[in-house]
Structures are given as C-alpha cells and as structure tokens.
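Given the structure is predicted, the values throughout are model-derived calculations rather than measurements.
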Amino acid sequence: MEWIKLIGIVVIVVGFLLKFDTIAIVIIAALATALVSGLSFPEFLSSLGQAFVDNRIVTLFLLTLPLIGLAESHGLKEQAVKIIQKVKSLTAGKFLSVYLFIRELAGLFSIRLGGHPQFVRPLVQPMAEAAAKTTVGELDEKEKEQIKARSAAMENYGNFYGQNTFVAAGGVLLISGSLESLGYYAPAIEIAKASIPIAIIMIIVGIIDNQRFDKKLKNNQSKRNRG
C-alpha cells in the first residue's frame with residue numbers, strides 16, 4: 001500500500017493533461033498525498049503554511065513587477081528599440097544569438113541576469129522585433145508572435161544550460177550531493193566541467209536555428225513583396 005502515496009504524481013499528470021489550473025493541481029496533489037500518508041487536514045494546512053513562511057523569499061520577484069512597469073512607462077522599451085534600429089545589419093536571429101551567449105556567460109559566473117518579466121518582455125523581445133523590422137520590414141502578427149516565443153526560448157535555453165556551468169550553483173550541488181549519498185564520487189567541479197560542453201553545443205544549435213529563422217523572415221518578406 002506504500003504505492004498509494006504516489007497518488008500526487010498521478011494527480012499532477014492527469015491535471016496537466018486536462019490543462020487544469022497549475023496551482024490548483026499542485027495543491028490538490030499535495031493534499032491527496034498528505035491524506036493517504038496519514039496527515040489530517042489541519043496538519044496539512046499547518047505544513048503548507050510553514051513551508052510558505054520558510055520559503056517566502058521566493059515571492060520577492062513580485063517587487064520587480066512595479067519597477068518594470070514604471071520603467072516601461074518612462075520609455076524603457078522605446079529607448080531599447082532606438083538603439084537596435086541604429087544597427088542596420090543586426091537581424092533578429094543575430095540579436096537573439098548574442099543574447100543566448102550572454103545569458104549562458106552570465107550563468108557561468110552566476111550573475112543573475114534575465115528573467116521573462118524583468119528582462120525578456122520589456123527589453124529582449126522589443127529589441128529583437130526592432131531588429132527584424134530594420135532588416136526585413138514590417139512584420140505580420142504571426143511573425144511577431146514567433147519572435148516573442150523565440151525571445152522567451154533563448155532565455156530558457158541560456159538559463160537551463162548555463163546555470164550548471166557554475167560550480168556552486170544549486171543544481172550542481174544538488175546533483176553532487178545526491179550522487180555522493182549513493183556512493184558515487186561526484187565533486188561539484190567535475191559536474192560543472194561536464195556541463196560546459198553541453199552549454200556550448202546549445203549555443204551552436206541556437207545560432208543555427210536563429211539563422212534559419214532569419215532566412216524564413218526574409219523569404220516571407222519576399223513573398224509579400226511579390227504579392
């Protein structure tokens with residue numbers, strides 16, 4: 001009957017497949033796991049509240065939202081676009097490739113650069129869109145959405161593959177500690193070294209993919225001009 005304690009995983013999988021609210025799914029999964037494990041409902045609420053208090057620092061990102069909104073209202077986006085428009089040969093793909101490289105380099109030195117609400121939305125995406133307009137002309141809505149998605153993807157790629165190249169990163173220490181607890185020799189420095197080639201491969205793949213995207217934009221523009 002110990003397997004019944006894994007019911008939370010089933011709830012999460014089913015909830016995600018049915019596209020229910022993410023927060024509601026996680027809470028329901030936690031509640032189901034607690035109840036089948038012998039915790040009462042009051043004990044579950046107490047544990048949930050204690051976990052929130054112990055980790056309340058993770059909610060500090062909410063303080064950045066008013067700051068970003070204030071910066072945007074005072075022309076942050078417009079100034080970023082003007083800077084990009086001055087570089088006539090800079091395409092959207094080239095700009096995003098540079099950002100991917102910078103994002104991974106920041107991860108190597110554990111510099112907290114980036115974030116979707118703090119950096120991608122107000123700066124990276126508008127600058128990439130401005131670079132595309134400068135080189136290929138006006139964009140349709142589909143192309144604008146593709147640039148939004150690609151800007152977010154570069155942030156995710158850079159963060160995911162770059163963070164473990166820093167020897168004291170949380171993920172590196174977790175991997176090292178978990179492996180050593182199982183009897184494997186896995187110093188953090190070796191894990192960070194092993195992560196560097198993967199990060200480099202990601203940069204190469206990202207550059208190639210961004211070049212393909214630039215060609216796609218040019219082809220679309222050529223078709224519109226002929227039409």
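The nearest pair of heavy atoms linking Val172 to Val167 is CG1-O, 3.4 Å.
Side chains of Lys94 and Val98 form no contact here, defined as non-hydrogen atoms less than 4.5 Å apart. Between Ser178 and Leu182 the shortest side-chain heavy-atom distance does not fall below 4.5 Å. At least one side-chain heavy atom of Ile147 sits under 4.5 Å from a side-chain heavy atom of Leu139. Contact check for Leu17 versus Val13: side-chain heavy atoms found under the 4.5 Å cut-off. Between Asn220 and Arg224, the closest side-chain pair of non-hydrogen atoms falls below 4.5 Å. At least one side-chain heavy atom of Glu141 sits less than 4.5 Å from a side-chain heavy atom of Lys144.
Summarising the local packing, CZ of Phe166 is surrounded by more than 12 heavy atoms from other residues, nucleotides or ligands at distances under 6.0 Å. Summarising the local packing, CZ of Phe101 is surrounded by 12 or fewer heavy atoms from other residues, nucleotides or ligands at distances under 6.0 Å.
A distance of 10.5 Å separates CD1 of Ile111 from CZ of Arg103, quoted to the nearest 0.5 Å. With rounding to the nearest 0.5 angstrom, the OG atom of Ser151 is 4.5 Å from the CG atom of Leu96. Distance check, rounded to the nearest 0.5 Å: OG1 of Thr134 to CD1 of Ile84 gives 8.0 Å. Between the CG atom of Asn156 and the CE atom of Met154 there is a distance of 9.0 Å, given to the nearest 0.5 Å. Residue His116 holds its NE2 atom at 5.0 Å from CD of Glu155, rounded to the nearest 0.5 Å. Taking CD1 of Ile207 as the start and CD of Gln211 as the end, the distance is 7.0 Å to the nearest 0.5 Å.
Proximity of a side-chain donor or acceptor of Ser176 to a complementary backbone N or O of Ala186 within less than 3.5 Å is detected. Between the Thr135 side chain and the Ala132 main chain, a donor and an acceptor come within less than 3.5 Å of each other. In this structure, Thr165 contributes its side chain and Gly162 its backbone to a donor-acceptor pair below 3.5 Å.
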For this session: Please test Val124 against Phe95 for side chain to side chain contact (heavy atoms under 4.5 Å, CB included), starting from the C-alpha separation and ending with a verdict.
Result: CA-CA 9 Å; Val124 177; Phe95 171 76; 4.0 Å; yes
For this session: Go through Tyr157 and Tyr99 one step at a time and tell me if the side chain to side chain contact (heavy atoms under 4.5 Å, CB included) criterion holds.
Result: CA-CA 11 Å; Tyr157 296 157; Tyr99 178 68; over 6 Å; no
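Seen from the ring of Phe213, Arg150 counts as a face-on cation partner, given the 6.0 Å and 45° thresholds.
Clustering ILVMFWY residues whenever any of their side-chain heavy atoms sit less than 4.5 angstrom apart, transitively, puts Phe20 in a cluster other than the one holding Leu31. Transitive grouping of hydrophobic side chains (ILVMFWY, heavy atoms separated by less than 4.5 Å) keeps Ile25 and Leu35 in distinct clusters.
Using a 3.5 Å distance cut-off with no hydrogens or angles, the side chains of Ser40 and Glu43 do pair a donor with an acceptor.
The pair Glu145-Lys142 does not count as a salt bridge, with every side-chain nitrogen at least 4.0 angstrom from each carboxylate oxygen. Here Glu143 does not pair with Lys133 in a salt bridge; the nearest charged N to carboxylate O distance is not below 4.0 Å.
For the side chain to side chain donor-acceptor pair (under 3.5 Å) with Ser97, the lone residue among Asn210, Asp214, Thr91, Asp209 that qualifies is Asn210.
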